Amino acid sequence: MTDDKTETKTSSLGRMSDMHFGAVNTPVYRASTILYPDLAAVKANTQPYTYGRRGTPTTKSFEDAISELEGADKTVTVTSGLQAAALAILSVCNAGDHLLMVDSVYEPSRIFCERTLKRFGVEVSYYPPTADIAPYLKPNTKAVFCESPGSLTFEIQDIAAIAKIAHAYGASVLMDNTWATPIFFQPLKHGVDLSIQAATKYVGGHADVMLGYVAANAAHAARLHQTHGDMGLYASGDDVFLGLRGLRTLPVRLARHQETGLALARWLQQQPEVARILHPALESDPGHALWMRDYSGACGLFGMVLKPASEAAVAAFVDGLAHFGIGYSWGGFESLIVPAHIRRTAMPFEAEGPVLRIHAGLEDAGDLIADLDRGLKRLRDTP
Ligand SMILES: *Cc1c(COP(=O)(O)O)cnc(C)c1O
């Protein structure tokens with residue numbers, strides 16, 4: 001099983017057809033109460049399912065499939081990617097501990113640390129995404145949080161090097177791996193202890209579900225499971241089902257997102273209005289060598305730094321696009337574009353002009369490029 005190729009695994013993992021009258025994908029279980037046959041069963045507490053909040057066969061199918069893809073001992077499912085990030089942090093950090101957080105982290109994860117985590121006495125500081133972390137560690141550093149590539153700015157981190165130093169200090173390593181998904185990068189194989197995924201994005205893949213998970217190695221599995229249970233975290237059977245369904249087509253969708261994303265990035269790179277493209281799969285990107293070493297692919301999400309342009313010119317470009325929706329999130333079948341508001345506290349991000357984030361969807365690449373071409377003409381023509 002483990003020698004099979006990814007596409008073979010995503011087709012077969014987590015299936016329990018024999019328990020579901022031959023149905024190929026595990027159906028949606030909606031359940032709160034789970035009945036026990038008798039008091040002896042209550043006492044023995046050996047039923048595979050005990051209460052809806054603690055999971056159903058739908059949850060088990062999804063979590064088993066993810067654990068196999070991630071190379072994890074345990075996966076727990078939650079209602080969003082942000083909840084997954086918060087859960088991973090709460091399952092390792094205690095009052096008085098220090099969390100070393102990457103400066104390019106997804107902004108709402110940063111806000112969780114700045115506001116809620118702080119209220120519980122966990123100290124947080126930030127390190128530049130490509131820096132050596134050693135000078136940033138403190139005697140009470142309990143965890144190092146990574147996100148690679150960085151949100152909005154797409155810096156690739158040397159995860160193995162970070163994990164080596166963190167572990168030598170006795171700190172756990174947490175990583176938000178939403179950009180690559182476990183198809184293109186398996187964090188636990190590079191020394192990460194807790195792998196975080198906003199399954200809302202590519203795993204769901206259709207912009208119609210909110211879902212997250214955390215996958216843990218053996219040393220972190222029990223504490224993750226306990227914290228998840230103590231906090232009453234859970235995801236609805238319907239949503240988990242959509243995650244499981246999305247997983248079946250994830251490799252083929254990602255291959256297309258990658259191809260179209262790179263086609264757009266290479267074309268944009270040559271346009272005079274563009275200062276640079278932030279995409280680690282481009283040979284010119286500072287993170288390219290590390291990306292080549294560690295990743296087996298790139299998704300459809302990347303950044304674009306424009307040359308200085310007025311707000312009106314950027315609006316003329318973006319507002320008139322026919323095939324790119326303006327909206328948050330990404331990973332669905334459709335193309336998107338949003339302005340990137342970059343906040344850094346460890347090291348400023350120097351941009352030549354306005355920064356935009358593009359998600360290449362599953363539309364025809366030629367149609368998307370023609371749309372961008374018309375958009376850049378509007379940008380040029382707007383003072
Ligand atoms: C979107 C996103 C999240 C949060 O996921 P939600 O399901 O929207 O809560 C976390 N991390 C990254 C990198 C994201 O892009």
Side-chain angles (χ1 to χ4, degrees), residues 62 66 70 75-90 101-117 126 129 145-157 159 174-185 187 192 194-215 228 231 233-236 238-240 242-243 246-247 250 254 257 261 278-280 287 295 298-303 325 327-332 334 336-344 355-361:
F62 180 71
I66 294 293
E70 295 267 0
T75 297
V76 296
T77 309
V78 293
T79 53
S80 71
L82 179 57
Q83 195 172 59
L87 168 63
I89 293 168
L90 290 174
M101 172 58 89
V102 65
D103 206 19
S104 54
V105 68
Y106 176 66
E107 179 69 13
S109 300
R110 177 191 283 263
I111 293 170
F112 167 76
C113 293
E114 285 175 350
R115 282 207 298 242
T116 301
L117 201 57
Y126 297 84
F145 194 108
C146 306
E147 184 175 323
S148 184
S151 259
L152 305 176
T153 45
F154 301 92
E155 299 92 342
I156 293 281
Q157 299 192 266
I159 299 299
L174 285 51
M175 178 182 179
D176 186 330
N177 186 45
T178 301
W179 184 88
T181 82
I183 303 300
F184 289 152
F185 184 79
V192 170
L194 290 170
S195 170
I196 297 155
Q197 183 75 207
T200 305
K201 309 285 166 61
Y202 282 116
V203 176
H206 294 72
D208 54 8
V209 64
M210 301 295 304
L211 192 66
Y213 71 74
V214 185
H228 179 266
M231 295 184 68
L233 301 179
Y234 148 90
S236 143
D238 303 76
D239 295 344
V240 174
L242 288 174
L247 201 62
L250 183 56
L254 277 175
H257 285 293
L278 311 171
H279 191 319
Y295 287 72
C299 69
L301 191 79
F302 63 95
Y328 294 111
S329 203
W330 42 275
E334 81 294 8
L336 294 168
I337 189 164
V338 279
H341 298 296
I342 299 161
R343 183 157 68 102
R344 294 283 181 273
V355 184
L356 296 167
R357 189 186 69 189
I358 290 182
H359 177 249

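Hydrogens, waters and symmetry mates are skipped; everything else that's a heavy atom, side chains included, is used. When a ligand or atom number is given, it counts from 1 through the structure's own listing order. The first residue in the sequence is number 1, and the count goes up from there. Being a predicted model, the structure only gives us computed values, none of them experimental.
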Under a 4.0 Å heavy-atom limit, does Glu147 contact ligand 1 with its side chain, its backbone, both, or neither?
side chain
Counting non-hydrogen protein atoms only, what is the nearest one to atom 8 (O) of ligand 1? Give residue, atom name and distance.
Met210 CE, 3.6 Å
Which atom pair, heavy atoms only, marks the closest approach of Glu70 to Pro187?
OE1-CD, 3.6 Å
Closest non-hydrogen protein atom to atom 9 (O) of ligand 1, residue and atom name please, with distance?
Leu82 N, 2.9 Å
Can you tell me which residue and heavy atom of the protein come closest to atom 11 (N) of ligand 1, and the distance to 0.1 Å?
Asp176 OD2, 2.6 Å
Supply the atom-to-atom distance Ile337 CD1 to Leu356 CG, rounded to the nearest 0.5 angstrom.
4.5 Å
Taking every non-hydrogen atom, the tightest pair across Ala84 and Gln197:
CB-O, 4.2 Å
Atom 6 (P) of ligand 1: the protein heavy-atom neighbour that sits closest, reported with distance to 0.1 Å
Gly81 N, 3.3 Å
Determine whether the aromatic ring centres of Trp330 and Tyr202 lie less than 6.0 Å apart.
yes
Just need the protein heavy atom nearest to atom 4 (C) of ligand 1, so name the residue and atom and give the distance.
Tyr106 CE2, 3.3 Å
among protein heavy atoms, the one nearest atom 15 (O) of ligand 1 is Lys201 NZ, 2.6 Å
Just which atoms of ligand 1 are under 4.0 Å from any heavy atom in Ser80?
7 (O), 9 (O)
Within 4.0 Å of some non-hydrogen atom of Thr200, the atoms of ligand 1 are 6 (P), 7 (O)
Can you name the nearest heavy-atom pair linking Ala340 to Leu152, along with the distance?
CB-CD2, 3.9 Å
Any chance the rings of Phe184 and Tyr295 have centres within less than 6.0 Å?
no
Of all residues at least two apart in sequence or in a different chain, which pass the ring pair (Phe, Tyr, Trp, His ring centres under 6.0 Å) check with His228?
none
With the threshold set at under 4.0 angstrom, would you say Trp330 reaches ligand 1 through any of its heavy atoms?
yes
